[in-house]
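Shown below is the structure under consideration.
Just so you know, these numbers come straight off a predicted model, no measurement behind them. Numbering of ligands and ligand atoms starts at 1, following listing order.
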Amino acid sequence: MTPLAYFLHSAGPAAAPVRVLDWALAALCIAVCIVIALLLFMALRRRRDAVPQDEAMPQANVADEEGERTANRIVAVGTAISSVLLLGALVGMLRVLAAVAEPPRAPSLTVTVTAYDWWWRVTYRTPGGTTLETANEIHIPTGEPVRVDLKSADVVHAFWVPALAGKTQAIPGQVNHQWLQADHPGVWRGQCTQFCGPQHAHMAMEVVAQAPADFARWLAAQQKPAASAQSGAAQRGEQRFAARCAGCHTVRGTQAAGEQAPDLTHLASRRLIAAGTLANTPANRLDWVAHAQQIKPESLMPDIALTPAEASDLGAWLDTLQ
Ligand code: HEC
Ligand SMILES: [Cu+2]
């Protein structure tokens, strides 16, 4: 799907009414522009035709009484037409707001999304009562409304996945709510839409909608702690991680329990890293660790210099985080 299609099409009932409104308002604006351009063109022509050829310097403002009445009538009619159109647009918007306010039935799944400069923490509370975390990738089952509780850890952000729902702000100290629903499996991109600092543009996320059985499998896999390192390289990598990365990152099942950065327990299972900035390949992961400040300047992940041996150990460990 091309990036354009992400916001020109809706993929569920929370977005469909919004998309109808989008097209209706776009059509209305284009129609108004065309009418005004035509009127302007006619006015220009009329004036030129009205000026007698032999008058060198036509006098401006020679409107006689009849002319003035015509002008007043045009203003009145124009104002009336604009008012009707704007009121119609207002009614349309209020109806759409009402239509998407509540999901068709109570959502059985709630995902908590916390916005950070410049990434998204995604938290699930499973029926068993455990919580699990991931980052920048929100999995949902198809055909069901999913509730999103939105928080912010720092400044005001806004959460918007155009194909699935309207946008909602994430405000520090407050929990906002919205709901999403995808009618069929697919991946839809979302983006922070409230300017939140230098890397605002690199604050994307993806919603991955899966058939309910696939979603249940994903959830079960994400719930597990990281598998213990088998190879010597991966074991050395885990130690490096504990020494250099664990202050910020958590990997469940190891001693790494940092709170201020994405949970990396199942890092390798994600499609993208750094909030949609890079494809999640082994090479990109190491590139990010060494050059985060070039890839995403001022991000809260520092550049971490590694010798080639350290990088290959760390890479081996990160690759195991499936
Ligand atoms: C000072 C805190 C800090 C340290 C230390 C740190 N990181 Fe990070 N890391 C972050 C933050 C914050 C992000 C999110 C950055 C963003 O996307 O804007 C991040 C993102 C990442 C990501 C991308 C995760 C994703 O899903 O998008 C990877 C991979 C990563 N770090 C690996 C490491 C490794 C490996 C180390 C140790 C060699 C390390 N980090 C050390 C703070 C830290
Ligand atoms: Cu933001």
Side-chain angles (χ1 to χ4, degrees), residues 113-122 133-139 150-160 167-172 176 190-206 208 222 226 234 236-251 254-307 309-322:
V113 177
T114 311
Y116 286 73
D117 276 339
W118 291 280
W119 59 283
W120 308 87
R121 186 191 295 278
V122 182
E133 270 183 18
T134 179
N136 309 316
E137 194 175 290
I138 304 167
H139 286 242
L150 262 179
K151 299 181 186 174
S152 168
D154 38 48
V155 298
V156 178
H157 300 267
F159 176 86
W160 193 23
K167 81 176 162 188
T168 305
Q169 282 191 320
I171 296 172
N176 283 349
Q191 170 71 37
C192 178
T193 39
Q194 174 83 43
F195 181 71
C196 58
Q199 288 303 324
H200 165 64
H202 283 144
M203 188 169 167
M205 88 311 274
E206 283 186 333
V208 178
Q222 296 285 316
R236 287 192 301 276
E238 182 179 346
Q239 281 158 17
R240 302 231 172 279
F241 192 90
R244 311 281 296 269
C245 323
C248 297
H249 290 283
T250 290
V251 174
T254 74
Q255 45 175 303
E259 296 266 287
Q260 37 180 315
D263 183 309
L264 301 182
T265 310
H266 298 287
L267 167 70
S269 74
R270 307 208 261 268
R271 290 163 39 88
L272 304 168
I273 55 169
T277 309
L278 297 175
N280 188 8
T281 62
N284 280 350
R285 290 199 283 268
L286 287 177
D287 195 27
W288 166 255
V289 171
H291 306 295
Q293 291 303 310
Q294 278 100 295
I295 296 165
K296 204 165 167 179
E298 296 190 41
S299 105
L300 299 179
M301 162 99 185
D303 284 354
I304 297 174
L306 299 167
T307 65
E310 287 171 339
S312 100
D313 290 347
L314 192 65
W317 159 243
L318 294 179
D319 294 350
T320 68
L321 301 176
Q322 292 294 332

Are side-chain heavy atoms of Asn280 and Arg271 found at a separation under 4.5 Å?
no
Spell out the protein N/O/S atoms under 2.8 Å from atom 8 (Fe) of ligand 1 as residue plus atom name.
His249 NE2, Met301 SD
Checking a contact table here: which protein heavy atom is nearest atom 25 (C) of ligand 1, and how many Å away?
Ala274 N, 3.7 Å
Heavy-atom pair of closest approach, residues Asp319 and Gln322:
O-NE2, 2.9 Å
Environment of the Cu ion (ligand 2) in terms of protein N/O/S atoms, cut-off under 2.8 Å:
His157 ND1, Cys192 SG, Cys196 SG, Met203 SD
I would like to know whether Gln294 and Asp303 meet side-chain contact (heavy atoms from CB on, under 4.5 Å); could you show each step before the answer?
CA-CA 8 Å; Gln294 278 100 295; Asp303 284 354; 3.1 Å; yes
At what distance is the nearest protein heavy atom to atom 18 (O) of ligand 1, and which residue and atom is it?
Lys296 NZ, 2.8 Å
One pair to check against side-chain contact (heavy atoms from CB on, under 4.5 Å): Leu267 and Ile273. What are the steps and the verdict?
CA-CA 8 Å; Leu267 167 70; Ile273 55 169; 3.9 Å; yes
Looking only at heavy atoms, is any part of Arg240 under 4.0 Å from ligand 1, and if so is it the side chain, the backbone, or both, or is it neither?
neither
Closest non-hydrogen atom pair between Glu298 and Gln293, with its separation:
N-OE1, 2.8 Å
Compute the shortest N/O to N/O distance between Asp117 and ligand 1 and return yes if it is under 3.5 Å, no if not.
no
Go through ligand 1 atom by atom and flag the ones less than 4.0 Å from a non-hydrogen atom of Arg244.
5 (C), 37 (C)
NZ/Lys296: more than 12 non-hydrogen atoms of other groups inside 6.0 Å
yes
Where does the angle between the aromatic ring planes of Phe195 and His200 fall among parallel (under 30°), tilted (30 to 60°) and perpendicular (over 60°)?
perpendicular
Of all the heavy-atom pairs spanning Met203 and Trp120, show the shortest one and how long it is.
O-NE1, 3.4 Å
Counting only heavy atoms, which portion of Leu267 has something under 4.0 Å from ligand 1: side chain, backbone, both, or neither?
side chain
Could you go through Leu318 and Phe241, starting from their C-alpha distance and side-chain angles, then the distance that decides it, and tell me whether this counts as side-chain contact (heavy atoms from CB on, under 4.5 Å)?
CA-CA 9 Å; Leu318 294 179; Phe241 192 90; 4.2 Å; yes
Please identify which atoms of ligand 1 are closer than 4.0 Å to at least one heavy atom of Trp118.
16 (C), 17 (O), 18 (O)
Sub-4.0 Å atoms of ligand 1 with respect to non-hydrogen atoms of Arg270:
25 (C), 26 (O)
Identify, by atom number and element, the atoms of ligand 1 in contact range of Leu300, meaning under 4.0 Å from any of its heavy atoms.
1 (C), 2 (C), 12 (C), 42 (C)
May I ask you to test the Glu238-Thr320 pair for a side-chain heavy-atom distance under 4.5 Å?
no
List ligand 1 atoms under 4.0 Å from Asn136, heavy atoms only on the residue side.
27 (O)
Drop me the distance from Thr168's OG1 to Trp160's CH2, to the nearest 0.5 angstrom.
11.0 Å
Is the closest heavy-atom distance from Gly247 to ligand 1 below 4.0 Å?
no
Quick one: closest heavy-atom pair of Ile295 and Trp288, and the distance?
CD1-CA, 3.8 Å
Within a strict 4.5 Å, meaning less than it, do heavy atoms of the Pro262 and Arg270 side chains meet?
yes
Which heavy atom of Asn176 sits nearest a heavy atom of Gln169, and at what distance?
ND2-O, 2.7 Å
Which atom pair, heavy atoms only, marks the closest approach of Val155 to Cys196?
CG2-CB, 3.8 Å
Which ligand 1 atoms are under 4.0 Å away from a heavy-atom of Leu314?
35 (C), 38 (C)
